[in-house]
Amino acid sequence: MKISFHLNAKEVSVDVAADRKLVRVLREDLALTGTKEGCGAGECGACTILVDGDPRLSCLMTVAQIQDRHVTTIEGLAANGEAHPVQEAFIEKGAIQCGFCTPAMVLASVALLDKNPDPTRGEIREGLSGNLCRCGGYVKIVDAVEAAAIAIRRGNPK
Amino acid sequence: MRDVFLPRSLEKLWTYLDESPGALVFAGGTDLLVKTFNGFPEGEALVCLDRIDELKEICQQGESIWIGACATHSGMVASRLVRNTLPALWKAVGEIGSPPVRNMGTIGGNICTASPAGDTLPPLYAMKAEVEILCREGARRLPIAQFIHGPGATGLQKAEIVSAVRIPKPQGLNLQHFEKVGLRSALACSVASLAALARLSPDRVVEEVSLAWGSVAPTVFTCPQAEETLVGRPLCAASLREAAEIVRHRVRPISDVRADAEYRRTVAGNLLLRLGTLS
Ligand SMILES: Cc1cc2nc3c(=O)[nH]c(=O)nc-3n(C[C@H](O)[C@H](O)[C@H](O)COP(=O)(O)OP(=O)(O)OC[C@H]3O[C@@H](n4cnc5c(N)ncnc54)[C@H](O)[C@@H]3O)c2cc1C
Ligand code: FES
Ligand code: FES
């Protein structure tokens, strides 16, 4: 089945079995391996992508459901070659260990800051509560989101 | 391989269902796709309801609140109507899963999954909600307690969908409460939960009360005997202890990976005791 959608601000079409999981099509057919399949069951959040700006789990979607939607994966965040303030802050604060959870953590953080530009640490933890970091680096992740919030509010991407 | 249809109107939906009568209807997929880790077994088409806008509405209709089956948990959390008029449901949906699960999962999916741990169900039972069922030929309505037959079993027939849930607007209730006990605060199925609605007089005498527990029986557990024990008396430790004892005797919990039956029995009663600590 032919499925057309907006992927990282480009229009794309894929011709694949309609009932395949979106995460596998992103990784295997579109070579966008930033999106991870951890548990495949909604529990870990590693497959988080933004669909029309909201975090969704690409392991719990058939590819057909993405028809006409706007999808952002981690590869689309720095599309112009410049890291997003959230990415900068993750690097700056050392909020990355093995990196497996990072693409999804970053996307969930971007969506959180979009809705709530000045979150408390509690609100950040709640906003990221669907994303597990098996390295356990949560404190630095929350630090990074706090720092990114300040940077974005100052209108200073660095 | 299965086809996946995305009808954008009910008319289109009926056409797809006429063409593939065995098709499986779904909404957010957060229950359905968990069961199909490596793809779907061969079978008839899947039909996703999430593009049908009229199934997503949340509105007041006379003395009822009408919530479309495809309203997501996030949509309900963001709804001022749900927050102001149905605070017990609002609290319950705000604690489901995690933010992405709430962005995808729907109230219709939660009802049709008919899990004993479905978090919308205790508030819906306590508020005596009705499930609206639609097929090409017309609509019918069932009280939620009649719609749900057992774990995973409902009264839905072939070619029917759940279109909405209709909730009588709670009138004059000054206690509308939901509490869920899980093993952690996010991404945790309930070990036991309680929805409680009551009308209390100025001196806290219980004039009317409706209670419903999740995860302590094959379906949501209600207990008229405990309600009768509370009515006509002040909501205090003594009356709540008496009612909690009745509840602990009557629940039919199971042991599973999350908790054993005895723990669930204890918590079911304790959730009731905590009503005495609410202001
Ligand atoms: C990680 C994770 C955490 C979760 N945590 C919780 C939790 O804390 N509390 C909780 O209650 N649930 C939880 N769930 C379960 C699930 O998210 C909810 O039950 C959700 O409301 C299901 O809605 P859905 O639209 O995604 O259902 P779907 O998966 O789309 O559908 C579920 C079932 O209902 C049927 N169906 C759906 N909509 C309709 C309709 N309108 N008419 C007819 N049939 C229909 C489908 O055929 C399917 O059998 C969790 C799930 C995951 C993956
Ligand atoms: S892979 Fe999707 S939530 Fe774990
Ligand atoms: S950095 Fe290793 S899983 Fe989070």
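Here is the naming used below: chain letters follow the sequence lines, and residue numbers restart at 1 for every chain. As the structure is a prediction and not an experimental result, all values here were calculated from the model.
- Taking a cutoff of 4.0 Å between a charged side-chain nitrogen and a carboxylate oxygen, B:Arg264 and B:Asp256 qualify as a salt bridge.
- A:Lys36 places no side-chain N or O within donor-acceptor distance of the main-chain N or O of A:Cys101, the cut-off being under 3.5 Å.
- Scanning residues 67-91 of chain B against chain A with a 4.5 Å non-hydrogen threshold yields no residues.
- The greatest number of non-hydrogen atom pairs below 4.5 Å with chain B, out of A:Glu37, A:Arg20, A:Glu126, is found for A:Glu126.
- A side-chain donor-acceptor contact under 3.5 Å links B:Ser193 to the backbone of B:Gly214.
- Around the CZ atom of A:Arg125, the shell of radius 6.0 Å holds no more than 12 heavy atoms that belong to other residues, nucleotides or ligands.
- Using a 4.5 Å heavy-atom threshold, the side chains of A:Val145 and A:Leu128 count as touching.
- Counting heavy atoms from C-beta outward, B:Leu17 and B:Val25 have side chains that approach closer than 4.5 Å.
- The environment of A:Glu75 atom CD is dense: over 12 non-hydrogen atoms of other residues, nucleotides or ligands sit within 6.0 angstrom.
- For B:Phe5, no part lies near chain A; criterion is any non-hydrogen pair under 4.5 Å.
- Side chain of A:Gln65 to backbone of A:Thr62: a donor-acceptor contact under 3.5 angstrom is found.
- Looking at B:Val93 and B:Asn110, their side chains never come closer than 4.5 Å, going by heavy atoms from C-beta outward.
- Using a 4.5 Å heavy-atom cut-off against chain A, the contacting residues of residues 98-109 of chain B are B:Ser98, B:Pro99, B:Pro100, B:Val101, B:Arg102, B:Asn103, B:Met104.
- For A:Phe100, there are no ring pair (Phe, Tyr, Trp, His ring centres under 6.0 Å) partners at least two apart in sequence or on another chain.
- The number of heavy-atom neighbours closer than 6.0 Å to OH of B:Tyr263, taken from other residues, nucleotides and ligands shown, is 12 or below.
- Note that CG of A:Asp52 and OG1 of A:Thr72 are 9.0 Å apart. Values are rounded to the nearest 0.5 Å.
- Listed options B:Met1, B:Arg51, B:Arg2 were ranked by heavy-atom pairs under 4.5 angstrom with chain A; first place goes to B:Arg51.
- Using modelled atom types, no side-chain atom of A:Ser13 and backbone atom of A:Ser4 make a donor-acceptor pair closer than 3.5 Å.
- Contacts of A:Leu132 with chain B are made by side-chain atoms alone, with heavy-atom separations under 4.5 Å and no backbone atom involved.
- Using a 4.5 Å cut-off between heavy atoms, A:Met61 contacts chain B through both its backbone and its side chain.
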Checklist line | side-chain hydrogen bond (donor to acceptor under 3.5 Å, both in side chains) evaluation trace for A:Asn116 with A:Glu123 | finding: CA-CA 9 Å; A:Asn116 180 358; A:Glu123 287 166 345; 3.1 Å; yes

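- Residues of residues 179-186 of chain B lying under 4.5 angstrom from chain A, judged on non-hydrogen atoms, are B:Arg184, B:Ala186 by number.
- Side-chain atoms of B:Val165 and B:Trp66, non-hydrogen and from C-beta on, never get closer than 4.5 Å to each other.
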